[in-house]
Q: 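Dumping the structure here so I can ask a few things about it.
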Amino acid sequence: MDDIEDRIFDSLCDSEQYLPILKFKSQLRKAGLRETDPRLAETMKNLAQFQRSVAEMEGVHSIHLDRDTFRKCVGDNIILISKAFHNNFIIPEFQTFCQSIDDLYWKVKSNTNGKVASYIPQLARYSADFWGVSICTIDGQRYSIGDVNIPLCLQSISKPLTYALALNEHSPDLVHEYVGHEPSGRQFNEIKLNADDKPHNPMINAGAIVLCSLLKQGSNLADRFDYTSEMFKKLAGNEHISFNNSVFLSERETADRNFALAYYLREYKCFPKGTHVMETLDFYFQLCSVEVTCQSGSVIAASLANGGICPITGERILNPYSVRNTLSLMHSCGMYDYSGQFAFDVGLPSKSGVSGGVMLVVPNVMGIFLWAPPLDIYGNSCKGIQFCEELVDNFNFHNYDNLRYTQRKQDPRLQKFTHRANSVVQLLFAAKNGDITALRRCYLSGLDMNLTDYDGRTALHVASAEGHTEAVIFLLEKCKVSPFECDRWDYTALDDAKKFHKTEVVTILEKYMSTNPKQQDNSQQK
Ligand code: GLN
């Protein structure tokens, strides 16, 4: 009996029953998977081993697999591989989607607004031209373009991660004894507390510094840093995480404001009892100095999009409620003083940092990491903001975009033809059954009632052939469909009604066609 391995093999093999390895790999790539994906490790290892053994025996590097070898090579990872071949990932037409991302990347590249941050001297060294975009979906589909392998400091992008880790360790009630939920409406490093004498939220300096004191409270600083950076690494699917010591030193050297803030927080008893404030501040600077690349950053974002499970390792790192709370506050407070406008325009949780990074999350779909150092007056990456706006202008990712009826925007979660195919099926079944309620629903939802299936059959053809007089009247009178449409055999609905001896329908159609003759400029388009 054929199983999934056989079916994949049959769909790809040549007439001699051999499958070129490159063809197999390129199909996986087209679905968005990388050869380095940990979930494909066994398959890639088996393929390499096979190629090596053939090379040793025959002196040639075999590039073709027979059926048996293919089965042996892919067996360990067949679930993921079959998902890729069945187009069952969250973004089914991944290549088309990447093409749009490419277009956006190049469009935004010409944006030369903004200034590279200079208040931490080491940050001023980033080139203003760096521009990278990386995407990782909740199924681990990857795409990157531009400067995506250069390490950059997380800076404030560490704040939502600190918050998520605090929530993962303590209850939300406990965490929010120390920090509020509201946007501050102030600069990120302002010396200001809310009416309860707490920092306004975890996404500004005051909040993040206090939350640093909640992470692994009993341990020494070295262990706390190890724990946190290990968690970051796990969120990033073990991809690039490093520490930039010179940024850390440079920041500590020049951070008068953060020192002032820390003393102010201590004065107002914002820290848990026993907190070593200077150590906590060091910890905060260290977390700001953790580096990611756009690539690894996109995996972190994808872990947040995926409820705390890293898509490329399958490991649960954070509990889903910690992630949900983190995304909520990223949504309302993540983009400094621009957060309200950003929530309005883009409608997605995100967090920016003074290094020029933007971590954007499309919940249940994908994580995106953008990097371009020049910042606007709010401290957000100019290119990053433009990219987010353009993205949501193209795709219905805004939290309040309507997924059913938004016509202008694309939904990359659907296959190109799924939407139309679903509509046609719905419509033609309603016509076949003479189901006026269902037809009315289609009509009211704005569906084109002249839609045809692959044979050019309209709802009117089907209803006429079945003799559903009421449906025919509804389609003609209410929906104003054209009775002159021809299917692929050149038959009109009237021809069908005659063929199947539906005399009542014949009368209705003839009468309607004579009183509403076909007009040149009125002819419906298929
Ligand atoms: N380390 C920076 C600071 O505390 C982080 C600020 C930021 O990215 N906005 O000033």
Side-chain angles (χ1 to χ4, degrees), residues 22 25-37 84 87 89-114 126-150 152 239-240 292-302 305 311-312 345-348 350 352 356-362 365-374 380-398 401 406 408-419:
L22 282 181
K25 287 185 175 174
S26 101
Q27 291 298 318
L28 291 177
R29 246 193 325 274
K30 281 185 187 161
L33 295 183
R34 288 200 175 149
E35 281 177 41
T36 50
D37 192 311
N87 245 4
F89 289 149
I90 185 78
I91 307 292
E93 313 273 347
F94 196 62
Q95 285 198 299
T96 316
F97 178 73
C98 296
Q99 187 54 56
S100 310
I101 296 298
D102 259 5
D103 295 345
L104 290 187
Y105 173 88
W106 290 109
K107 183 170 180 194
V108 172
K109 193 174 169 69
S110 58
N111 178 342
T112 52
N113 298 337
Y126 286 136
S127 156
D129 294 329
F130 285 145
W131 173 221
V133 174
S134 282
I135 288 177
C136 175
T137 72
I138 55 163
D139 283 316
Q141 296 165 283
R142 311 286 299 269
Y143 185 68
S144 282
I145 175 167
D147 300 306
V148 293
N149 292 312
I150 301 173
L152 67 134
E239 292 193 2
H240 186 103
V292 295
T293 59
C294 281
Q295 303 240 32
S296 61
S298 72
V299 182
I300 297 180
I312 60 169
D345 290 337
V346 179
L348 289 173
S350 59
S352 58
V358 176
M359 179 170 75
L360 181 72
V361 178
V362 187
V365 181
M366 64 177 67
I368 302 180
F369 202 99
L370 309 163
W371 181 41
N380 293 315
S381 165
C382 292
K383 287 194 179 77
I385 294 275
Q386 191 193 342
F387 185 93
C388 295
E389 287 171 356
E390 304 256 358
L391 181 82
V392 166
D393 209 37
N394 276 271
F395 299 107
N396 57 3
F397 286 160
H398 190 296
D401 271 333
T406 306
R408 186 180 63 82
K409 296 188 186 185
Q410 302 168 49
D411 188 346
R413 286 158 282 215
L414 298 178
Q415 284 187 34
K416 226 180 293 165
F417 299 112
T418 316
H419 190 57

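In what follows, residues are counted from 1 in the order of the sequence shown.
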Q: Side-chain contact test, heavy atoms from C-beta onward, threshold under 4.5 Å: evaluate it for Phe397 versus Arg413 and give yes or no.
A: yes
Q: Quick one: which residue pairs count as a salt bridge (Lys or Arg N to Asp or Glu O under 4.0 Å) with a foot in residues 132-149, not counting sequence neighbours?
A: Lys83-Asp139, Arg142-Glu239
Q: Working to the nearest 0.5 angstrom, can you tell me the gap between Gln99 CD and Leu104 CG?
A: 10.5 Å
Q: What is the ring orientation for Phe395 with Phe97, classed by angle as parallel under 30°, tilted 30 to 60°, or perpendicular over 60°?
A: tilted
Q: Kindly give the heavy-atom pair with the smallest separation between Ile101 and Leu391, and that separation in Å.
A: CD1-CD1, 3.8 Å
Q: Under the 3.5 angstrom rule, does the side chain of Trp371 hit a backbone N or O of Ser134 as a donor-acceptor pair?
A: no
Q: Tell me, do Ile90 and Met366 make a side-chain contact under 4.5 Å, heavy atoms counted?
A: no
Q: Could you tell me the separation between the CG atom of Leu152 and the OG atom of Ser296, rounded to the nearest 0.5 Å?
A: 8.0 Å
Q: Under the side-chain contact (heavy atoms from CB on, under 4.5 Å) test, which residues partner Asn111, sequence neighbours left out?
A: Asn113, Cys382, Lys383, Gln386
Q: Determine the minimum heavy-atom distance between Val362 and Ala305, stating which atoms define it.
A: O-CB, 3.6 Å
Q: Can you tell me how far CD of Gln410 sits from CD of Glu93, rounded to the nearest 0.5 angstrom?
A: 10.5 Å
Q: If you take all heavy atoms of Thr137 and Ile91, which pair is closest and at what distance?
A: CG2-CG1, 3.9 Å
Q: Which pair of non-hydrogen atoms, one from Phe369 and one from Ser298, has the smallest distance, and what is that distance?
A: CB-N, 3.5 Å
Q: For the backbone of Gln95 and the side chain of Lys30, can you confirm whether one donor and one acceptor N or O come within less than 3.5 Å of each other?
A: no
Q: Just wondering, do Asn380 and Val358 contact through their side chains at under 4.5 Å, heavy atoms?
A: no
Q: Let me know which of Asp401, Asn396, Asp393 forms a side chain to side chain donor-acceptor pair (under 3.5 Å) with Lys409.
A: Asp401
Q: Taking only residues two or more places apart in sequence, or in another chain, which ones meet Lys25 in a salt bridge (Lys or Arg N to Asp or Glu O under 4.0 Å)?
A: Glu35
Q: Looking only at non-hydrogen atoms, find the nearest pair between Ala302 and Pro311 and report the distance.
A: CB-CG, 3.6 Å
Q: Could you walk me through whether Leu33 and Phe89 pass side-chain contact (heavy atoms from CB on, under 4.5 Å), step by step?
A: CA-CA 10 Å; Leu33 295 183; Phe89 289 149; 3.9 Å; yes
Q: Would you say the side chain of Ser381 lies within less than 4.5 Å of the side chain of Phe387, judging by non-hydrogen atoms?
A: no
Q: If you take all heavy atoms of Ala301 and Ile368, which pair is closest and at what distance?
A: CB-N, 3.7 Å
Q: Verify side-chain contact (heavy atoms from CB on, under 4.5 Å) between Asp102 and Ile145, making sure each step is shown before the conclusion.
A: CA-CA 7 Å; Asp102 259 5; Ile145 175 167; 2.9 Å; yes
Q: Taking it one step at a time, do Leu370 and Cys388 satisfy side-chain contact (heavy atoms from CB on, under 4.5 Å)?
A: CA-CA 9 Å; Leu370 309 163; Cys388 295; 3.7 Å; yes
